[in-house]
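Numbers restart at 1 for each chain; the letters A, B, ... are given by sequence-line order, proteins then strands.
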Number of protein chains: 2
Amino acid sequence: MNSFTEENYLKAIFKLSSPKVDGVSTNAIAEEIQTKASSVTDMIKKLSDKKLVKYKKYQGVHLTKKGKEIAVSIIRNHRLWEVFLVEKLAFKWDEVHDFAEELEHIRSKELTNRLDAFLEFPKHDPHGDPIPDKDGNIYNHKDITLSDLKSAEKGIVVGVKEHSKSYLNYLESVNLVLGAEIKVNDVIDFDHSMSITVNKKKTANISHQVSKNLLIKKTD
Amino acid sequence: MNSFTEENYLKAIFKLSSPKVDGVSTNAIAEEIQTKASSVTDMIKKLSDKKLVKYKKYQGVHLTKKGKEIAVSIIRNHRLWEVFLVEKLAFKWDEVHDFAEELEHIRSKELTNRLDAFLEFPKHDPHGDPIPDKDGNIYNHKDITLSDLKSAEKGIVVGVKEHSKSYLNYLESVNLVLGAEIKVNDVIDFDHSMSITVNKKKTANISHQVSKNLLIKKTD
DNA sequence: TATTATTTTTAGACAAGTCTAAAAATATAT
DNA sequence: ATATATTTTTAGACTTGTCTAAAAATAATA
Ligand SMILES: [Mn+2]
Ligand SMILES: [Mn+2]
Ligand SMILES: [Mn+2]
Ligand SMILES: [Mn+2]
């Protein structure tokens, strides 16, 4: 078995991995996990001994098949518990992440699958992130953000790239929740801020900082 | 905040405390928590520094008000999650304890109270143990066991004193689940085994080992 | 009461995970 | 290509919780 700490490192490495980067850097992991680079090096060695990552000094780190499986199963747990907390216990989308950070470490295929069934196999968590299926497949939606839209284009909010309480609270205050319909009225060249209409009713002015973190599915 | 380890010690001390014993012994705690007496002494000192227990060398240990509050809140969590796992995720009563041992440490009054509400404020967990209310009050049922009944007396199963998988499995195989109606047909003097009728249908022979761990509410 | 047995505590060591400070490797700039 | 800056690793220390072996205190027995 692996400690919570080990699991959190695997999750961080998974999050930082992408086809673009060949090997996740020590510093990036340290930043993600809020610790020192020296601590990361120590842990990487341990994970490497356990064959959960592939590691060559100074060359960055890759998850092995086994390491990736564990990371994905934790993410599946995390997102399912977030759905539970919102759908069944009536928490708001900005209140559930920290609980899920703890619940995700209770790792049992049986428990996870039953929770999944109880929730009626949700496809996305309360922030629009895709929930890996029981075989570990993740169906990411393509990465279009509100900031990619031009004047007069329309879309539906399908997710957020930033999960902070303050961001989520702000979104709610302007009705930019999952499923909200957006029409772009105007984009300011200078700072890329935009004027939008939400659900055909309210008009709001949105900074680039806000629009670039809002995942959108284009309509029309 | 307290570590899982500290919380488990508090729970153990609570479990071992009773009006009868003045001070829980180091050895008893070691036995309960499956560790060495020397480790217990170390931890007791730490809990004492944190004012969660009252401790005088060689004199055993008492929970303080604060320590007791924490212990009770963990037990409340544990039992509520067990209800969730059985009622909502359709686990059996012998499968839920180990999960609850982990879930109980996610300590948030808000989460616990919402879970309680979602489960419609259950009074007992799947093993018949009382669930502390949100103010920490526990309403224990009086301690009558099947072994206290005499020939021809009747009762209803309200709980179990032993929680092992093997015991719970056995009980289920002879229909001795919570709510089962029992009539004692005969008690053998030699080994205190008894012949009983369950739910007016099945007859079973029950050893003393079994009957003394089955909590009963007398009827008639 | 003196002796023996049991319980509890202390002393010292170890593994996990973290940190700071310094050394080594790699990347960037002149 | 050399010097400088940045990243990464090592060395050594600290904390938490555990252990074994031995000492000290308490309880049981003769
Ligand atoms: Mn989250
Ligand atoms: Mn989420
Ligand atoms: Mn239990
Ligand atoms: Mn129980």
Side-chain angles (χ1 to χ4, degrees), chain A residues 1-13 15-18 20-63 67 70-71 74 101-102 104-105 107, chain B residues 1-13 15-18 20-63 67 70-71 74 101-102 104-105 107:
Chain A
M1 255 310 85
N2 313 294
S3 66
F4 284 18
T5 313
E6 289 170 308
E7 292 183 350
N8 285 333
Y9 273 91
L10 293 176
K11 219 177 22 146
I13 296 165
K15 185 171 174 186
L16 297 168
S17 297
S18 84
K20 282 167 243 155
V21 297
D22 183 51
V24 178
S25 80
T26 303
N27 258 1
I29 298 170
E31 165 68 26
E32 171 69 25
I33 233 162
Q34 295 285 56
T35 186
K36 302 292 167 178
S38 55
S39 306
V40 173
T41 304
D42 288 345
M43 179 56 83
I44 294 295
K45 285 177 183 166
K46 190 159 51 136
L47 294 175
S48 183
D49 289 345
K50 289 190 168 193
K51 312 269 186 217
L52 298 174
V53 303
K54 217 171 52 187
Y55 170 63
K56 282 231 173 60
K57 269 188 202 176
Y58 296 100
Q59 301 312 125
V61 71
H62 295 266
L63 288 178
I70 294 173
I74 293 167
E101 284 292 305
E102 306 195 49
E104 70 187 3
H105 297 290
R107 258 151 46 62
Chain B
M1 255 307 88
N2 312 294
S3 67
F4 284 18
T5 312
E6 291 170 307
E7 293 184 350
N8 285 333
Y9 273 90
L10 293 176
K11 219 179 21 146
I13 296 165
K15 185 172 171 185
L16 296 168
S17 297
S18 83
K20 281 168 246 158
V21 298
D22 183 53
V24 178
S25 81
T26 304
N27 258 2
I29 298 169
E31 166 69 26
E32 172 70 25
I33 233 163
Q34 294 287 52
T35 187
K36 301 293 166 179
S38 54
S39 306
V40 173
T41 304
D42 288 345
M43 180 55 83
I44 293 296
K45 283 178 185 166
K46 192 161 45 136
L47 295 175
S48 183
D49 289 346
K50 289 189 168 193
K51 311 268 186 220
L52 298 174
V53 302
K54 216 171 54 187
Y55 171 61
K56 281 229 173 64
K57 271 188 198 172
Y58 295 101
Q59 301 310 124
V61 69
H62 294 265
L63 289 176
I70 295 173
I74 292 167
E101 284 293 306
E102 306 195 49
E104 70 186 4
H105 297 290
R107 256 147 50 61

With a cut-off of less than 4.0 Å, is there a side-chain N or O of Ser39(B) near OP1 or OP2 of dC19(D)? yes
So Leu52(B) and Asn2(B), do their side chains get closer than 4.5 Å, heavy atoms only? yes
Which distance, rounded to the nearest 0.5 Å, do you find between the CD of Glu101(A) and the NZ of Lys11(A)? 3.5 Å
With rounding to the nearest 0.5 angstrom, report the OG1 to CE distance, Thr26(B) to Met43(B). 13.5 Å
Quick one: side chains of residues 32-41 of chain A, donor-acceptor pairs under 3.5 Å with protein atoms, not counting sequence neighbours, listed by atom name and distance.
| from | atom 1 | to | atom 2 | distance (Å) |
| --- | --- | --- | --- | --- |
| Glu32(A) | OE2 | Lys15(A) | NZ | 3.3 |
| Thr41(A) | OG1 | Ala37(A) | O | 3.2 |

Are any protein N/O atoms closer than 3.5 Å to N/O atoms in nucleotides 8-14 of chain C? If there are, list each pair with its distance.
| from | atom 1 | to | atom 2 | distance (Å) |
| --- | --- | --- | --- | --- |
| dT8(C) | OP2 | Asn27(B) | N | 2.9 |
| dT9(C) | OP1 | Tyr55(B) | OH | 2.3 |
| dT9(C) | OP1 | Tyr58(B) | N | 3.0 |
| dT9(C) | OP2 | Thr26(B) | OG1 | 2.9 |
| dT9(C) | OP2 | Thr41(B) | OG1 | 2.9 |
| dT10(C) | OP1 | Lys57(B) | NZ | 2.5 |
| dT10(C) | OP2 | Lys45(B) | NZ | 2.5 |

Please work out if Phe4(A) contacts a base, only the sugar-phosphate, or nothing of the nucleic acid, heavy-atom cut-off 4.0 Å. nothing
Can you list the steps and then say if Ile29(A) with Leu16(A) is a side chain to side chain contact (heavy atoms under 4.5 Å, CB included)? CA-CA 8 Å; Ile29(A) 298 170; Leu16(A) 297 168; 4.1 Å; yes
Can you check the [X] [atom1] to [N] [atom2] distance for me, whole Å?
| X | N | atom1 | atom2 | value |
| --- | --- | --- | --- | --- |
| Ile29(A) | dT7(D) | CD1 | P | 14 Å |
| Asp22(A) | dT26(C) | CG | P | 15 Å |
| Tyr9(B) | dT16(D) | OH | C1' | 11 Å |
| Glu6(A) | dA15(C) | CD | P | 16 Å |

Mind checking whether Phe4(A) and His105(A) have parallel, tilted or perpendicular rings, split at 30° and 60°? parallel
